[in-house]
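Report on one structure; see the data block that follows.
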Amino acid sequence: MSIFTPFIIVSLMLLNYLLYRKKIYDKKLYITTSIFILIYILVAIFIYYINLHNGFEYGIIYGDLLGNHFCDEYKYYTDANILYNHLKSGEFSSWINKTLPIYEFIDSSGHPSYGNYNSYVILLTMLKFIGMHSALDFILIKLFVYIPTAIIIFKLSRLYLNEKKSLIVLIIFSALPGYILSNSLLMRDNIILLLSCIFIYYILCKKINLLILIPAIILLIGFRSYLILVFAACLVFTFRNNKKLISKYDLIYLVLILIAIYLISNFNFSLEHSNIFFSYYQIIDLQEKFMSFYGGGILGIAKLLILTLIHIIIDPVLSNFLTSGNLYFILFSLGNILGSLLSIIFALKYLLLSIKLFKLPNEKYILLMKFTAYFTMLTSFIVMSKDGYIINRIALMWLPLFIIILLIPFNYFYKKRTSS
């Protein structure tokens, strides 16, 4: 524990209190966020010191464990060390002119690191220059992101639910083991979740706030650029398409999406096709992985479609994680289990609504359902194409929407009961 650690913790709690005093949110929301901030702090500290006790360098789990390979956190931290040493040695001009190697670290399984030009690596390097070097401090400082995330999830829920149900959405999501773990690791997923929730909120409430959206776009391009394309596609596919839960346009869009995937996976790209969303090397890597996972032709597309639907709904239980006695692995497994449970219930509800066994109150709710389906499907297609699986920390981006949708009937019945 460094001298920064208590300062970060006190600053987190103080900021949350000041926002409450400034009436940014009420007492219930303040108490809720305060409780979860404390939980995330304690879990992060516990995991960090257990990792150190178990001999993991920097307090970060790394290597082949329980039949799985863990490397992302370690690569981010190692890359930040490498870039920090370059810049400290006076190689700023080489870095800014992009003459440094793209990446210099390869993990024990042969996976290249994120490199000297990755946005998150650059952020961690900047923190090193102000004196922070502990992985625990990097993790704790990321918890500042939870405060605006809680606010935006609550506001998003209020578009469809009353205040009480909206608070329940926030509590359920904040208590998900996968989200607790995400906030306790040296990963960028909780930052990306915040940016995604900002876009989702402004798309669904049909408002524009450039002071928030422009920085969010810039950050999202740096952290997970393909989501900009996903949100743009969701806007197009749901534009004036909220009369029916499944319309003829949706079937046409699905065919177009699959055709686009087929063309991208088979097109002969060159260096000139690099862009802010994908570099030439990323596209080629994506094509190679797609072919190795699914093969070519129509059968490859069909295989992608089927496996994507399965992975959206079901995560592996990883029972050996549950019995490991290690909090990191237990939260990992529980995150998969509860994420799968929410996804199965959501899928059943979507199916029942599709065959008109139940009705949605109005077009606003149809738009929510359609947007959720498109956002989940498009993001999953991309992730499955490049990774072959969907990890729970990716699924966290759409789980708030699932929870909101699952609570809508309770909100609707409550309105009918109180009005009568």
Side-chain angles (χ1 to χ4, degrees), residues 192 195-196 199-200 202-204 216-217 220-313 343 346-347 350 354 366-391 394-395 397-398 401:
I192 294 168
L195 299 173
S196 298
F199 276 92
I200 292 168
Y202 282 105
I203 288 172
L204 292 178
I217 290 171
L220 203 52
I221 288 173
F223 286 128
R224 192 165 285 164
S225 57
Y226 67 77
L227 284 179
I228 297 292
L229 298 176
V230 169
F231 286 124
C234 289
L235 276 170
V236 172
F237 295 155
T238 57
F239 180 70
R240 293 184 179 179
N241 184 24
N242 60 344
K243 303 294 183 183
K244 296 179 180 179
L245 191 58
I246 298 179
S247 68
K248 62 181 180 181
Y249 297 108
D250 297 314
L251 300 177
I252 293 170
Y253 292 147
L254 177 60
V255 171
L256 291 175
I257 291 167
L258 295 176
I259 290 173
I261 293 171
Y262 176 81
L263 293 175
I264 292 170
S265 62
N266 289 274
F267 187 77
N268 187 22
F269 288 96
S270 61
L271 277 170
E272 302 89 69
H273 293 110
S274 293
N275 54 72
I276 61 171
F277 302 108
F278 296 99
S279 70
Y280 165 74
Y281 300 103
Q282 286 175 318
I283 296 172
I284 296 301
D285 182 58
L286 183 65
Q287 287 182 322
E288 291 175 353
K289 286 180 176 178
F290 184 92
M291 295 301 289
S292 67
F293 292 146
Y294 311 108
I298 302 300
L299 287 178
I301 299 299
K303 188 177 179 182
L304 170 68
L305 178 59
I306 294 168
L307 289 177
T308 298
L309 291 174
I310 292 172
H311 278 266
I312 287 173
I313 298 171
S343 299
F346 171 79
Y350 202 93
S354 300
I366 294 176
L367 174 61
L368 170 64
M369 293 287 290
K370 277 184 178 285
F371 178 87
T372 301
Y374 276 119
F375 176 62
T376 303
M377 181 178 64
L378 290 171
T379 307
S380 297
F381 277 148
I382 295 173
V383 174
M384 286 293 292
S385 295
K386 69 185 186 69
D387 295 332
Y389 59 88
I390 302 171
I391 199 166
I394 297 291
M397 290 191 293
W398 52 76
L401 294 170

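Note that the structure is a prediction, hence the values are computed from the model and not measured. When a residue number appears, it is its place in the shown sequence, counting from 1.
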Inter-residue atom distance [X].[atom1] - [Y].[atom2], 0.5 Å rounding:
{"X": "L258", "Y": "L263", "atom1": "CG", "atom2": "CG", "answer": "11.0 Å"}
{"X": "L235", "Y": "I203", "atom1": "CG", "atom2": "CD1", "answer": "4.0 Å"}
{"X": "F381", "Y": "T376", "atom1": "CZ", "atom2": "OG1", "answer": "11.5 Å"}
{"X": "I394", "Y": "D387", "atom1": "CD1", "atom2": "CG", "answer": "7.5 Å"}
{"X": "T238", "Y": "R240", "atom1": "OG1", "atom2": "CZ", "answer": "12.5 Å"}
{"X": "T372", "Y": "L368", "atom1": "OG1", "atom2": "CG", "answer": "4.5 Å"}

Which residues pass the side chain to side chain donor-acceptor pair (under 3.5 Å) test with N242, sequence neighbours left out? none

May I ask you to decide if the ring planes of F231 and F371 are parallel, tilted or perpendicular, using 30° and 60° as cut-offs? parallel

Answer yes or no: is there a side-chain heavy-atom contact under 4.5 Å between [X] and [Y]?
{"X": "M384", "Y": "I310", "result": "no"}
{"X": "L227", "Y": "F375", "result": "yes"}
{"X": "S385", "Y": "I382", "result": "no"}
{"X": "Y226", "Y": "V383", "result": "yes"}
{"X": "S380", "Y": "W398", "result": "yes"}
{"X": "M377", "Y": "L254", "result": "yes"}
{"X": "N241", "Y": "Y253", "result": "yes"}

For C234, is there any backbone N or O sitting under 3.5 Å from a side-chain donor or acceptor partner on K370? no

Check: K303 side chain, F293 main-chain N or O, donor-acceptor pair, under 3.5 Å: yes

Can you name the closest pair of heavy atoms from [X] and [Y] and give their distance?
{"X": "S196", "Y": "M397", "result": "OG-SD, 3.5 Å"}
{"X": "L401", "Y": "L204", "result": "CD2-CD1, 4.2 Å"}
{"X": "S343", "Y": "I313", "result": "CB-O, 3.6 Å"}
{"X": "I390", "Y": "A395", "result": "CG2-N, 4.4 Å"}
{"X": "Y350", "Y": "A373", "result": "OH-CB, 3.7 Å"}

Could you check I301, I257, L304 and say which one makes a side chain to side chain contact (heavy atoms under 4.5 Å, CB included) with Y262?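 Passing option: I301.
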
For F199 and I217, what are the C-alpha separation, side-chain angles and deciding distance, and is it a side chain to side chain contact (heavy atoms under 4.5 Å, CB included)? CA-CA 9 Å; F199 276 92; I217 290 171; 3.3 Å; yes

Would you say the ring centroid of F237 lies under 6.0 angstrom from that of Y249? no

